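We name chains A, B, ... by the order of the sequence lines, and we start the count at 1 in each one. All values reported here derive from a predicted model rather than from experimental measurement.
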Amino acid sequence: MLDKTFDPKTAEPRLYKAWEDAGAFKPTDDPDAPGFSIVIPPPNVTGSLHIGHALNNTLQDVLIRYHRMKGDAALWLPGTDHAGIATQMVVERQLAAAGNASRRDMGREAFIEKVWEWKAESGGTIVNQLRRLGASCDWSRERFTLDEGLSEAVRKVFVTLFKQGLIYRDKRLVNWDPQFQTAISDLEVEKKTVKGSYWHFAYPLEDGSGEIVVATTRPETMLGDTAVAVHPSDERYKHLIGKCVRLPIVGRPIPIIADEYADPEKGSGAVKITPAHDFNDFQVGKRHNLPSINILDDYARINDNAPKEYRGLDRFEARKRIVAEFERLELLREIEPTVHDVPYGDRSGVVIEPYLTDQWYVDAPTLAKPAIKAVEDGRTVFEPKNWEKTYFEWMRNIEPWCVSRQLWWGHRIPAWWGPDGKVFVEETEAAAKAAALEHYGREEPLRQDEDVLDTWFSSGLWAFSTLGWPQNTDDLRRFYPTNTLVTGFDIIFFWVARMMMLSLHFMGDVPFQRVFINALVRDAEGAKMSKSKGNVLDPLGLVDQYGADALRFTLTAMSGAARDIKLSTQRIEGYRNFGTKLWNATRFAEMNGCVRDDAFDPASVKLSLNRWMRGEVTKTAAEVTKAIEGCAFDHAANALYRFIWNIYCDWALELAKPILTGDDEAAKAETRATIAWVLDVCLKLLHPVMPFITEELWAQTANDTPDRGLLITARWPQLPASYIDPAAEAEISLIVAAVSEGRSVRAELNVPLSAKPDLLIIEATDAQRATLEGAAAVIAQTLRVSGVKSVSVAPEGSIPFVVEGATLALPVAEYIDLAAEKTRLAKDIANYAQDIDRTEKKLGNADFVARAPDEVVEENRERLAEAVDAKAKLEGALARLAAVG
RNA sequence: GGACGCGUAGCUCAGCGGGAGAGCACCUCGUUGACAUCGAGGGGGUCACAGGUUCGAUCCCUGUCGCGUCCACCA
């Protein structure tokens, strides 16, 4: 006997362990099984599971469980990302909190050791959280972006790209994070709109003939100005081109140049040029051969290229002093308030500086070309397809990718420098030494490049490095390319694009055939969840509260949202109840001896109820299958919800009750078997979304077939269309409609429950009559009537209603309020009248009859006839009622 | 400045060319052995607005308004 409800707290860990012990997460060894693989978007080792992970991983699990049941060799390959900056930051903070020596004090080696220690301690958190969710990853293949195999892949890729000229060293402006003292990529910069000022500075002409006014939002950069630019056709300044101004404070003479970058409409029309600290100015400087004077150090303090009194000052302090100095010199012409975009580091949260440094770059524009082509050709498709536009937009305008980071935690760049600045890029130090020996003709000391690679460099290899590349492994042959990548749109650029580029280059094939972009989860108010806002819903808390299945079902059912999901606990509660509903339906089946019988042949059932049930579950199975195949996960969930609750529980089981308690043993046996079989199909169909409760019910209903194994490895239902039976559908539909309408009449007229009239058939086709009379027992129970009787004339005061053209009635005159009944009839009549009116108009339109499809016209004719008929019947009833009253 | 998405019942969302649906919330009734984490019934919507295409538009097209997100070098 089943317990009263499902207890997720005790069942979930037990079931998960059973799956793992059975090796169910490993792909089948069957060599004929087609491969189906998913690589997990590796979460940061620093991280803990947030609701976005929960959604993303639930959908992956739905896919993988479905394909596993379908018989594919289904591999979901898990792992984590070392997350360079994020992890280094966490550990540094931890060191500081514990009062330890800082990173720089303790030195590189000791610090990295600390990070590994920390990783060993808490790196497993998120992975264990995934287990709580029910994620059926093959943990035996778990990878980490910094493990030995992946590091080998990283070195090989770097060296190969370098030798192919696709990685190179360049001195240009980068986004510099003064907090971490490292370069970051464009993608790691967040623009924030802030209030600021334009400071209008006067720069005196060197010949004393006047001044030129420039405006800037960043006064401190004037220390590095090397020109003033005006537009070549700007009449106001034409005569000044070629002259010099003397840069205040610094005293350096700088030229006035003509460049179209200067916008005559903007400010004074003249613009200061600081090539070392502004991306635009850098370009201008290149065009005019201007010197680039860097005035900042790695911490964004003023450096020794500036006058003494400013050296060592923080950039913002320097700004204040420079403005003050201009004011003192009477060269500050105006302070104009403005709002403008300022770049911030996405991790550090500090203002990013454009900073002139030597860095390693990947030639992304070249690698992007095949990656664009692959999507154009449909070798990789985005789902939903709109996202391809976003992908193309980014890829077609891609900039060189700065991959070096001045951090310690990450893949050290495999480049060694000779004493003369010659670089040897090799996979190992030994190989670099050998190359150096050959180059110099003698042994020279080599120094490895200090920098590490951008985290996304190694995760860019994820689709093939995790399968064993650069070795030619069985996994690689079997599972590459992967089938579907499930991820959020926020990392299309960071990750998807890079995987496309690097995978195509090294594997000659796309990393995945399909990219499913899942929605972003927000709180119930639609705000992005963030720790600082305090609106984060902790998925594990929700799992504790409602069970993993309820959370999974909720996320799946809501995953259709175009861009974001607003999650509320009410919704989760509702789907928890859905699980309970299924649980209780199983209890009902159990109590009524509905026992699974593997010899049962659904094709053999005779009773219309059972034929109908069989057809309905067949339709649902087809719907769910199609939905999952097409990543329409919400449709799959909703179809299951509707079938299990509104069809199976509300009607099938209710209609079965009289049979199950009746004397017809043959009917009873068939119905029991059908109920058990349908339940079985439901458990299978629902398993990918609600794995725990379905697995538990599968076990609890094992009966005498305990050896049939776990549900997780059961076969996905494939039901023939011949299971759908239109005749049975017609019969059940009439019964359902009659009962529903009858209930409505009773409720609206407040007929007491104790009243047990007959259901009268006044007028109906022979088939309808036979159906209703044959279902007398069922109708008696569900509608709470005594029986079903055919009469030629409705008795005085009986309440008529029309169902599918048949006129039925309930003789409940003694219980009802005449006025209420008149009102009810009048309302129904009015509805029919409105319908008749509209349909007549439509059919009266010659264009409609001529142009609309025949079946639509026919449908309207039928509708009209039915409405006219029903209206007449009700009017007759109303007239009789009026006569009585 | 570009691009994308969204405006449907009080709330959250389905539907997307032939008479608008669900869940929650609300109101009424219900302790019949699966289920009160439930059952039965009910109220509630000029489908943002304006044009257009069509026999017919919530659905397709154009524009407007509102909300959101991403991208972009403007001093």
Side-chain angles (χ1 to χ4, degrees), chain A residues 2 4-6 186-187 191 198-200 214-218 221 229 261-263 266-274 278-283 338 340-341 354 384 386-387 389-390 393-394 397 489-490 492-493 519-520 522 524 526-528 546 550 557-558 560-568 570-571 573-592 634-635 638 641-642 645-646 649-650 653-654 657 739-740 743-748 750 752-753 781-784 834-835 838-839 842 845-853 855-857 859-860 863:
Chain A
L2 281 175
K4 190 132 170 90
T5 54
F6 177 59
D186 298 345
L187 288 174
K191 299 255 159 57
Y198 281 136
W199 283 275
H200 294 250
V214 295
T216 180
T217 54
R218 307 200 46 206
T221 62
Y261 166 65
D263 180 354
K266 201 126 202 157
S268 63
V271 58
K272 63 192 268 310
I273 300 298
T274 321
D278 183 284
F279 287 99
N280 288 309
D281 294 5
F282 187 72
Q283 296 304 324
T338 183
H340 60 135
D341 287 344
N386 300 343
W387 291 107
K389 197 161 181 172
T390 306
E393 181 65 21
W394 165 257
N397 298 296
F489 63 82
D490 49 332
I492 290 178
F493 305 145
L520 193 71
R522 295 165 181 276
K528 197 166 174 171
Y546 301 103
M558 300 185 78
R563 282 240 175 159
D564 43 50
I565 292 176
K566 292 175 196 159
L567 190 68
S568 75
Q570 268 189 335
R571 192 89 181 216
E573 203 178 312
Y575 289 129
R576 187 268 321 269
N577 296 353
F578 171 62
T580 306
K581 187 75 183 175
L582 175 69
W583 184 268
N584 280 300
T586 310
R587 256 164 63 97
F588 172 84
E590 186 183 43
M591 286 171 169
N592 285 280
D634 54 331
H635 289 179
N638 291 330
Y641 186 97
R642 238 177 293 123
W645 201 311
N646 303 122
C649 292
D650 284 354
L653 297 186
E654 289 305 322
K657 279 177 182 172
V739 171
S740 298
R743 280 173 176 169
S744 177
V745 167
R746 288 187 72 130
E748 275 185 61
N750 292 318
L753 289 168
Q781 184 156 339
T782 48
L783 186 53
R784 297 169 182 244
Q834 201 181 16
D835 200 22
R838 269 196 273 182
T839 313
K842 205 172 210 175
N845 180 344
D847 276 335
F848 172 73
V849 178
R851 294 181 188 239
E855 71 260 27
V856 174
V857 177
E859 199 182 295
N860 274 276
R863 171 198 289 278

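Among the protein residues, A:Gln570 comes within range of the sugar-phosphate backbone only, with heavy atoms under 4.0 Å from sugar or phosphate atoms but none that close to a base. Residue A:Phe493 is classed as a sugar-phosphate contact, given heavy-atom separations below 4.0 Å to backbone atoms only. Residue-level contact check: A:Phe578 touches neither bases nor backbone, having no heavy atom under 4.0 Å from any strand. Among the protein residues, A:Lys272 comes within range of no part of the nucleic acid, since none of its heavy atoms lies under 4.0 Å from any strand. Nucleic acid contact for A:Asp341: base, since at least one base atom lies under 4.0 Å from a heavy atom of the residue. At the heavy-atom level, A:Asn280 lies under 4.0 Å from base atoms of the strands shown. Using a 4.0 Å heavy-atom distance criterion, A:Arg743 is classed as a sugar-phosphate-only contact. Heavy atoms of A:Asp490 sit nowhere under 4.0 angstrom from any nucleic acid atom. Across all strands, A:Ala262 comes closer than 4.0 Å to base atoms (heavy-atom distances). Within the nucleic acid shown, A:Arg587 comes within 4.0 Å of sugar-phosphate atoms alone, with no base atom in reach, counting heavy atoms only. Residue A:Arg863 is classed as a base contact, given a heavy-atom separation below 4.0 Å to a base. A:Trp645 comes within 4.0 angstrom of the backbone, heavy atoms only, and of no base.
A:Thr839 contributes a side-chain N or O that forms a donor-acceptor pair with the base of B:G19 under 3.5 Å. Scanning atom types as modelled, one donor and one acceptor separated by under 3.5 angstrom connect the side chain of A:Lys581 and the base of B:C35.
The separation of B:G68 from B:A22, taken at their P atoms, amounts to 31 Å, rounded to a whole angstrom. Comparing the same atom, C1', in B:G43 and in B:C26 gives a spacing of 9 Å after rounding to whole Å. B:U53 and B:C60 have their C1' atoms separated by 8 Å, given to the nearest Å. Comparing the P positions of B:A34 and B:C29 gives a spacing of 25 Å, expressed to the nearest Å. For B:G15 and B:G7, the C1' atoms lie 15 Å apart once the distance is rounded to whole Å. Across the P atoms, B:U64 and B:C27 are found 44 Å apart, a figure rounded to whole Å. Nucleotides B:A72 and B:C61, compared at atom C1', are 29 Å apart to the nearest Å.
Two rings, from A:Tyr575 and A:Tyr641, have their centers less than 6.0 Å apart.
Below 30°, between 30° and 60°, or above 60°: for A:Trp583 and A:Phe6 the angle between ring planes is between 30° and 60°, a tilted geometry.
Across all strands shown, B:G21 pairs with B:C13; the Watson-Crick or G-U wobble distances both stay below 3.5 Å. Across all strands shown, B:U58 forms no Watson-Crick or G-U wobble pair with both distances under 3.5 Å. In this structure B:G30 sits in a base pair with B:C38, meeting the Watson-Crick or G-U test at under 3.5 Å. For B:C6, the paired base is B:G66 (Watson-Crick or G-U wobble, both distances below 3.5 Å). B:C47 is unpaired under the criterion used here, namely a Watson-Crick or G-U wobble arrangement in which both key atom distances are under 3.5 Å. Base-pair partner of B:U53: not found among the strands shown (Watson-Crick or G-U wobble, both distances under 3.5 Å).
Residue A:Lys4 has a polar side-chain atom (N or O) positioned under 4.0 Å from OP1 or OP2 of B:A36. At the phosphate of B:A34, OP1 or OP2 sits under 4.0 Å from a side-chain N or O atom of A:Lys657.
A salt bridge between A:Glu590 and A:Arg587 is absent, with no side-chain N of the basic residue lying under 4.0 Å from a carboxylate O of the acidic one.
The structure places CZ of A:Arg746 at 10.5 Å from CZ of A:Arg743, a figure rounded to the nearest 0.5 Å.
One atom, CD of A:Glu654, and another, C1' of B:G30, lie 14 Å apart when rounded to the nearest Å.
Taking for each of A:Leu753 and A:Thr580 the nucleotide of RNA chain B with the nearest heavy atom, the 5'-most of the two is the partner of A:Leu753. Looking at which nucleotide of RNA chain B each of A:Asn577 and A:Leu187 is closest to, the 5′-most match is held by A:Asn577.
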